[in-house]
Amino acid sequence: MTFIEVLYFIVPVAIAYAAPLILTAIGGVFSERSGVVNIGLEGLMVIGAFIGVIFNLTFVDTFGSSTPYVALLAAMVVASLFSLFHAVASVSFRADQVVSGVAINLLAVAICLFLVKKIYGKGQTDFVQETFLRNDIWLLEKIPFLGPMFFQDVYWTSVIAIGVAILAWVVLYYTPFGLRLRAVGEHPMAADTMGINVTRMRYIAVMISGGLAGIGGAIYAQSISQDFGHATINGQGFMALAAMIFGKWHPLGALGAAVFFGFAQALSIVGGSLPVISEIPSVFLLILPYVLTILALAGFIGKASAPKALGTPYIKGNR
Amino acid sequence: MEHVIEMLNIRKEFGNFVANDNITLQLKKGEIHALLGENGAGKSTLMNVLFGLYQPEGGEIRVRGQEVKITDPNVANNLGIGMVHQHFMLVEDFTVTENIILGSEPTKGGMISVKRAAKKVQELSELYNLNVDPYAKIEDISVGMQQRVEILKTLYRGAEILIFDEPTASLTPQEITELMQIMRRLIEEGKSIILITHKLKEIMDVSDRVTVIRKGVGIGTVNTAETNPNDLADLMVGRHVEFKTIKGLAHPTTDVLEVKDLVVADYRGIEKVKGLNLHVRKGEIVGIAGIDGNGQTELIEAITGLRKAKSGQVFMNGQEITGNTPRKVTESGVGHIPQDRHKHGLILDFPLGHNIALQTYYTSPNSKNGFMDYSAISKKANEIIKKYDVRTQGDHELARALSGGNQQKAIIGREIDRDPDLLIAALPTRGLDVGAIEFIHQRLIEQRDKGKAVLLISFELDEVMNVSDRIAVIYDGQIVETLDPLQTNEQELGLLMAGQTKNDTQSNQVKEEDSSHV
Amino acid sequence: ACGTDKEETKTGNGGETEKNDFSVAMVTDIGGVDDKSFNQSAWKGLQDFGADNGLEKGDDGIDYLQSKSDADYNTNLNKLVRREFDLVFGIGFLMEAAITEIATQQKDAQLAIIDAVVDQPNVASVLFKEQEGAYLAGVSAALMTKSKKIGFVGGMEIPVIERFEAGFLEGVKAVDPSIKVDVQYTGAFDKAELGKTTANRMYSSGVDIIFHAAGGTGNGVFAEAKELKTKDPDAYVWVIGVDSDQYEEGAVGDTNVTLTSMLKRVDVAVQNLSKLAMDGKFPGGETTVYGLAEEGVALADSRGAIPEDVLAQIDEYAKKIADGDVVVPETVE
Amino acid sequence: MSKRFSNILIPGISVILGLLVGAIVMIVSGYDPVEGYIALWNGIFGDAYTIGETIRQITPYILAGLAVAFAFRSGLFNIGVEGQLIVGWFAAAYVGITFDDLPKMIHLPLAIIAAALAGALWGFIPGLLKAKFKVHEVIVTIMMNYIALHTSNALIRAVSDGGDNTGAIQPTASLRSAFLENMTDYSRLHYGILIALAMVLVMWLILEKTTRGFELKAVGLNQHASEYSGMNVNKNIILAMVISGAFAGLAGAMEALGTFGFASVKGGFTGIGFDGIAVALLGANTPLGVIFGATLFGSLKYGATNMPNEAGIPEEIVSIIIAIIIFFVASGYVIRLLLERFSKKKEAK
Ligand SMILES: Nc1ncnc2c1ncn2[C@@H]1O[C@H](COP(=O)(O)OP(=O)(O)OP(=O)(O)O)[C@@H](O)[C@H]1O
Ligand SMILES: Nc1ncnc2c1ncn2[C@@H]1O[C@H](COP(=O)(O)OP(=O)(O)OP(=O)(O)O)[C@@H](O)[C@H]1O
Ligand SMILES: [Mg+2]
Ligand SMILES: [Mg+2]
């Protein structure tokens with residue numbers, strides 16, 4: 001592979017790999033910006049993946065080739081409802097938010113597998129027939145150099161993910177809703193004295209995180225694994241969590257971090273086919289994405305500052 | 001005379017504890033009404049009830065004659081009630097404008113129209129002479145300006161009735177004067193004000209009437225014109241309090257602390273201490289007077305080892321301690337009452353006893369061969385609790401559960417009990433009532449009389465003038481002047497602190513024999 | 001498979017057996033009994049055996065236990081031995097240590113292991129010559145490729161998978177030594193995204209046929225091939241499946257990207273061994289090797305994807321191996 | 001109500017509520033909960049063998065739980081227990097197979113220490129990065145998990161000449177015990193449980209009795225005040241991660257020297273490390289609580305494997321129950337509130 005070929009391969013792959021991570025990490029941004037720790041992202045992705053696949057299998061005759069997209073909506077709705085568990089526990093019941101997130105992760109896998117076994121009588125679903133496809137983006141694909149890198153063979157889901165990242169940035173930083181949400185995460189009592197309903201904001205934020213993680217899971221399952229089983233979502237939620245922190249709790253930062261992970265991942269796959277690198281024992285390629293991340297963090301990202309009220313339940317009148 | 005607010009027989013309970021026991025407070029239109037009481041008397045609680053943060057167990061509230069139920073701050077806002085809280089309710093990460101518009105943002109096409117908001121903020125700021133930059137970030141502005149942002153918040157919402165809960169606790173004298181002017185201006189514009197403060201002088205200066213509460217019970221309301229500070233204090237505490245700190249003459253001897261050409265940068269790398277010289281001798285209290293942000297924090301942090309100095313030297317009893325770790329500095333004989341008791345002074349979720357052992361936990365008898373002796377710690381803690389009159393349920397209670405005043409007493413007990421050669425006391429009486437302040441000042445003087453050195457950092461002229469034997473004025477990272485408290489006055493101090501030079505101030509000061517080397 | 005068999009399970013204990021008093025059970029590895037791979041194949045073997053001999057699922061017939069983690073192998077095997085099954089299979093080389101341990105503890109039990117050798121008198125070992133099947137897969141890939149570029153996607157670099165690789169490379173070489181085989185291990189059996197990305201890289205570099213031996217990671221290979229096929233129905237992209245017939249996995253509307261699959265007939269082995277045991281001829285302490293000759297490995301029906309004449313050529317290679325004229329190496333030189 | 005009392009009551013009530021919810025789920029999905037719970041009970045306590053296996057299962061959970069809890073008490077969130085366990089597993093197995101004429105007295109402790117050291121090293125890296133560069137330990141530990149997995153697989157291949165298994169450890173390095181096995185009808189119960197319990201004691205001693213523990217807790221609660229009082233915050237952060245990692249490494253030793261007796265190439269995570277988070281949190285991050293959490297978690301998880309077999313119910317039901325229990329334990333505030341209301345009403349009567 002020439003250098004250009006490597007680029008033409010790596011960039012689209014990185015973006016495609018990143019899409020589920022981007023969405024989930026941005027979900028995390030919403031939740032944590034409102035002050036609610038969400039390590040339940042993994043579980044919420046599981047729900048999304050499960051619903052996406054089930055919906056796709058069930059309604060493929062009704063919706064035809066648009067099934068995967070409709071399934072995203074279904075996954076979003078169900079996962080955001082499921083995230084209410086986390087909201088109720090950590091916002092209303094003042095549960096330790098990490099504990100509640102752990103419970104979400106356990107519960108999601110358990111319920112989904114339980115249902116798969118109940119419905120299909122086996123450990124995983126069938127394969128879905130309609131999946132996401134790559135497209136060339138009209139006209140843009142023709143731009144020299146950039147065209148093949150960014151606009152040929154892209155998934156609409158990647159476009160959605162990047163769109164959501166930009167939208168999330170606008171919402172969080174330029175709308176009243178975003179201002180209030182961030183205020184609730186930084187100084188809930190200040191927000192309370194300004195007449196903002198802290199509890200309601202946090203519920204909404206957690207549900208947004210559920211919805212986005214659900215879409216993320218559904219994209220993953222319908223484009224990559226194409227079925228649902230116990231290992232379908234296998235750490236991606238934690239990677240999304242890492243992307244969120246890496247991105248300093250900012251939607252565009254999360255986007256960048258997720259693409260970085262995708263890039264590192266793609267690099268490790270390309271590596272095997274490059275003459276020099278293929279001499280290196282494969283374990284070094286396998287751990288490359290993770291080592292790169294750590295180096296990046298230690299080298300030039302440095303201290304990340306979480307929202308100030310992150311992890312603390314808001315109790316009216318408490319100082 | 002029209003009452004804009006009437007709080008009648010308000011009762012508020014926390015569990016079995018009665019914080020407000022049938023308190024009545026009536027606010028006339030256009031008056032400044034002071035609310036006075038010791039720490040924990042229930043002032044904030046009463047105001048939080050009025051602002052809708054707490055629901056009372058009994059009593060009624062009338063606003064402009066109408067009985068109302070204030071179920072949450074929104075209701076209060078709509079009734080024209082605004083509150084400036086004891087602890088600022090500001091999001092540090094946001095700009096001034098963002099903080100002000102939060103909750104009622106002007107929008108255009110779904111987006112916040114920051115420009116429009118900032119313009120309105122600017123207008124309000126000009127109307128009331130608040131001098132606030134709408135685009136500045138809260139974390140970058142002074143405490144005084146933060147205070148004014150809090151005021152703007154209420155004005156922005158069209159508040160007619162303003163509650164100020166201890167607004168001056170962390171302001172500099174200049175800022176306090178400005179605030180008083182702002183309050184008067186607000187009254188001129190037809191607003192009414194409830195003011196909570198521990199500073200009797202302020203009450204006498206600015207208020208029209210005073211309501212006093214003691215231990216949750218309303219003692220009564222008096223016209224300011226018909227009372228005086230001594231009566232007010234006695235009324236509040238329920239016994240006679242002495243005002244002027246009683247102390248004999250100082251007999252300073254040799255240098256304990258010596259700071260030479262010290263340069264320190266803050267967390268952002270900006271130099272805050274710029275070649276500072278200072279010395280403190282055995283048997284004297286040196287007060288550092290200055291406006292917040294002139295390098296006091298960085299100076300103390302550099303002396304105590306919490307921050308690395310860029311250059312210069314620090315000596316304790318002749319030994320250089322520059323760049324030493326906090327542990328080594330402490331062991332060289334420094335005691336430190338930190339400026340922020342919740343951040344540095346205490347581990348709020350540790351029991352009080354552990355907190356009292358925070359500087360000595362690793363030494364015998366608290367620790368032997370790497371193992372703790374918690375009974376020794378407990379024994380010592382109880383001694384200190386008793387000696388320093390810390391009101392608590394015992395050394396096992398979490399530090400968090402204590403009131404600010406008692407937390408402070410525990411810290412002071414901890415630091416003084418080690419009998420350090422140098423005691424650094426940074427804002428030791430912030431937010432405390434007169435009784436507690438008196439107690440703490442006495443302890444500092446006691447240390448001096450035992451032949452120890454004391455370095456006092458304070459924003460309050462009263463305190464600096466009363467307690468210190470020597471006043472070092474800090475401005476822009478340097479000690480610009482050293483004064484004898486008996487030979488100076490508040491005006492002169494105030495001007496020096498604001499950056500004027502001694503020649504500007506005209507008044508004649510007796511120079512100390514060694515002031516050149518200070 | 002669950003929830004419906006309660007009655008049989010319960011009535012099993014102590015009831016007289018009318019038809020047949022032989023019983024046999026198996027323990028799956030963590031893939032589970034419906035892994036679309038060799039656990040499933042093994043269970044199919046038991047089911048067929050049960051059907052032939054009138055055995056039903058339950059204590060006196062046929063049964064399985066699934067393992068959630070490596071730690072379960074031992075307990076699951078133990079449980080089945082305790083339930084007094086006459087023969088207990090451990091499916092997969094991962095169970096080697098567990099079988100060894102139980103065989104020494106329970107000397108009366110009859111045990112069998114697939115894909116590993118356990119040297120105990122009461123254990124029958126079954127091995128497959130994956131390399132022979134993979135060789136045929138290599139031959140068919142080499143005969144079918146148009147671009148002269150072929151891919152191999154492995155899961156983890158472990159000896160079993162290396163046998164696949166070795167056989168495959170050998171098969172390709174036998175047809176045309178100039179064909180380039182792009183070999184990549186993904187380091188995992190359950191990371192579909194790695195399979196997909198790897199396949200993406202291979203196909204976009206001109207590879208037209210990929211043989212995967214990567215379990216769930218292989219799903220990603222199928223996903224990529226199917227995507228290419230959907231986008232361009234004339235695209236010449238193929239996947240060769242592994243272990244069981246992966247025709248289903250390759251379905252794209254009316255077409256299919258599965259060229260063929262290399263079958264590992266665990267079902268055949270399980271059935272044979274059960275039959276021997278039932279007849280009192282349990283080959284304890286012996287190792288049975290299933291290669292092409294024993295029909296233990298084979299290629300699946302290509303359902304027309306491979307033309308007749310090519311199939312004929314493949315058969316010739318198969319015959320050579322079966323006759324011992326060609327010996328396929330187990331490791332890559 | 002006394003705090004101590006409600007500290008016991010709340011987990012108790014949570015377990016009951018969890019089982020109730022589990023029963024409802026079973027009824028709704030058409031299974032018989034009575035049959036299900038009998039199967040679960042038998043799966044845990046059925047006979048000597050299952051009891052032995054249940055305890056064996058609990059052993060690594062205790063150590064993984066301690067690892068998470070210890071870091072938590074020092075203000076750190078160690079999601080990397082899984083990776084630390086994996087490297088500990090390999091290290092113990094490696095020492096176990098490598099030395100062949102050491103007496104047991106030396107060989108076994110050596111293997112155990114090797115595991116603890118390997119885990120400690122894996123904890124040291126995120127600790128160091130946190131202390132020196134303020135890098136968030138959550139990300140680094142997540143990444144370290146994957147690195148551990150691939151590295152240990154590569155090492156296993158290296159020591160076994162490309163094989164997938166290190167081969168059995170020498171008997172001199174084994175935690176297995178003929179005595180315990182006989183007592184429990186050939187279960188794999190091994191002496192590791194004693195090590196795990198000893199470590200509970202060690203954690204308690206460190207945190208509650210030693211000066212170092214005082215510092216670790218202080219740093220966990222308020223770094224600024226700790227620095228003010230002269231503690232070396234960075235050193236304590238690193239130490240906390242190192243000790244936490246050592247506990248996790250020991251969990252790996254339990255698998256290497258007890259349950260399995262070897263290390264093999266892993267296709268994915270063991271899950272024990274992640275479950276350790278739940279165990280620690282169930283136990284409120286206290287040493288004794290971890291025993292409770294591990295016992296609950298371990299026995300339910302192990303007993304669950306009997307449910308599909310004996311009652312035809314998918315074993316995931318038990319994970320649902322565990323998750324519900326965790327929810328309730330975490331929401332202790334609400335339960336306490338309800339209990340207080342309830343006891344007040346009683347008083348009123
Ligand atoms: N949230 C609360 N829960 C329980 N008790 C409280 C709470 N808030 C206040 N109290 C109790 O009510 C009493 C009055 O507190 P409050 O804050 O009103 O005092 P204050 O007069 O404002 O004191 P200060 O001068 O220190 O500000 C305190 O002594 C405290 O014991
Ligand atoms: N959440 C709470 N639960 C119980 N008691 C509380 C709570 N919050 C405050 N208190 C009580 O309030 C009192 C403290 O009063 P307060 O905080 O007003 O003192 P303070 O001098 O204003 O301190 P600071 O200025 O540092 O806040 C203590 O007696 C404490 O028992
Ligand atoms: Mg107050
Ligand atoms: Mg106060």
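The shown structure was predicted, so the numbers you read here are calculated from the model rather than taken from an experiment. Computed over heavy atoms, backbone and side chain alike; hydrogens, waters and symmetry mates excluded. Every chain is numbered from 1, with letters handed out A, B, ... down the list of sequences.
The 12-atom threshold is not exceeded at CZ of Phe284(A), counting heavy atoms of other residues, nucleotides or ligands nearer than 6.0 Å. Taking a 6.0 Å sphere around NZ of Lys68(C), one finds it holds more than 12 heavy atoms contributed by other residues, nucleotides or ligands.
For the pair Gln184(C) (side chain) and Ile269(A) (backbone), a donor-acceptor distance under 3.5 Å is present.
For the pair Tyr17(A) and Lys196(C), the minimum side-chain heavy-atom distance is 4.5 Å or more. Side-chain contact between Glu248(C) and Phe127(A) is absent, with no heavy-atom pair separated by less than 4.5 Å.
When each of Ile10(A), Val270(A), Val13(A) is checked for a side chain to side chain contact (heavy atoms under 4.5 Å, CB included) with Arg201(C), only Val270(A) meets the rule.
Of all non-hydrogen atoms in Ala223(C) and Ser223(A), the two that sit nearest each other are CB-O, 4.1 Å. Of all heavy-atom pairs between Glu227(C) and Phe132(A), the closest is OE2-O, 3.1 Å. In terms of heavy atoms, Thr197(C) sits closest to Phe9(A) at O-CZ, 3.7 Å. Nearest approach of Ser225(A) to Ala192(C), heavy atoms of both residues: CA-CB, 3.8 Å.
Heavy atoms of Thr217(C) lying under 4.5 Å from chain A are absent altogether.
Interface with chain C: from residues 226-243 of chain A, residues Gln226(A), Asp227(A), His230(A), Ala231(A), Asn234(A), Gln236(A) qualify, criterion being any non-hydrogen pair under 4.5 Å.
Of the listed residues (Val252(C), Asp190(C), Thr186(C)), the one with the most heavy-atom contacts under 4.5 Å to chain A is Asp190(C). The candidate with the highest count of non-hydrogen atom pairs below 4.5 Å against chain A, out of Leu228(C), Asp182(C), Thr230(C), is Thr230(C).
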Side chain to side chain contact (heavy atoms under 4.5 Å, CB included) for Ile224(A) and Glu193(C)? Distances and angles first, verdict last. CA-CA 6 Å; Ile224(A) 295 170; Glu193(C) 74 266 27; 3.7 Å; yes
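Taking OG of Ser204(C) as the reference point, atom OH of Tyr8(A) lies at 13.0 Å (rounded to 0.5 Å).
Counted by atom type alone, Ser282(A) and Glu157(C) present one or more donor-acceptor pairs between their side chains at under 3.5 Å.
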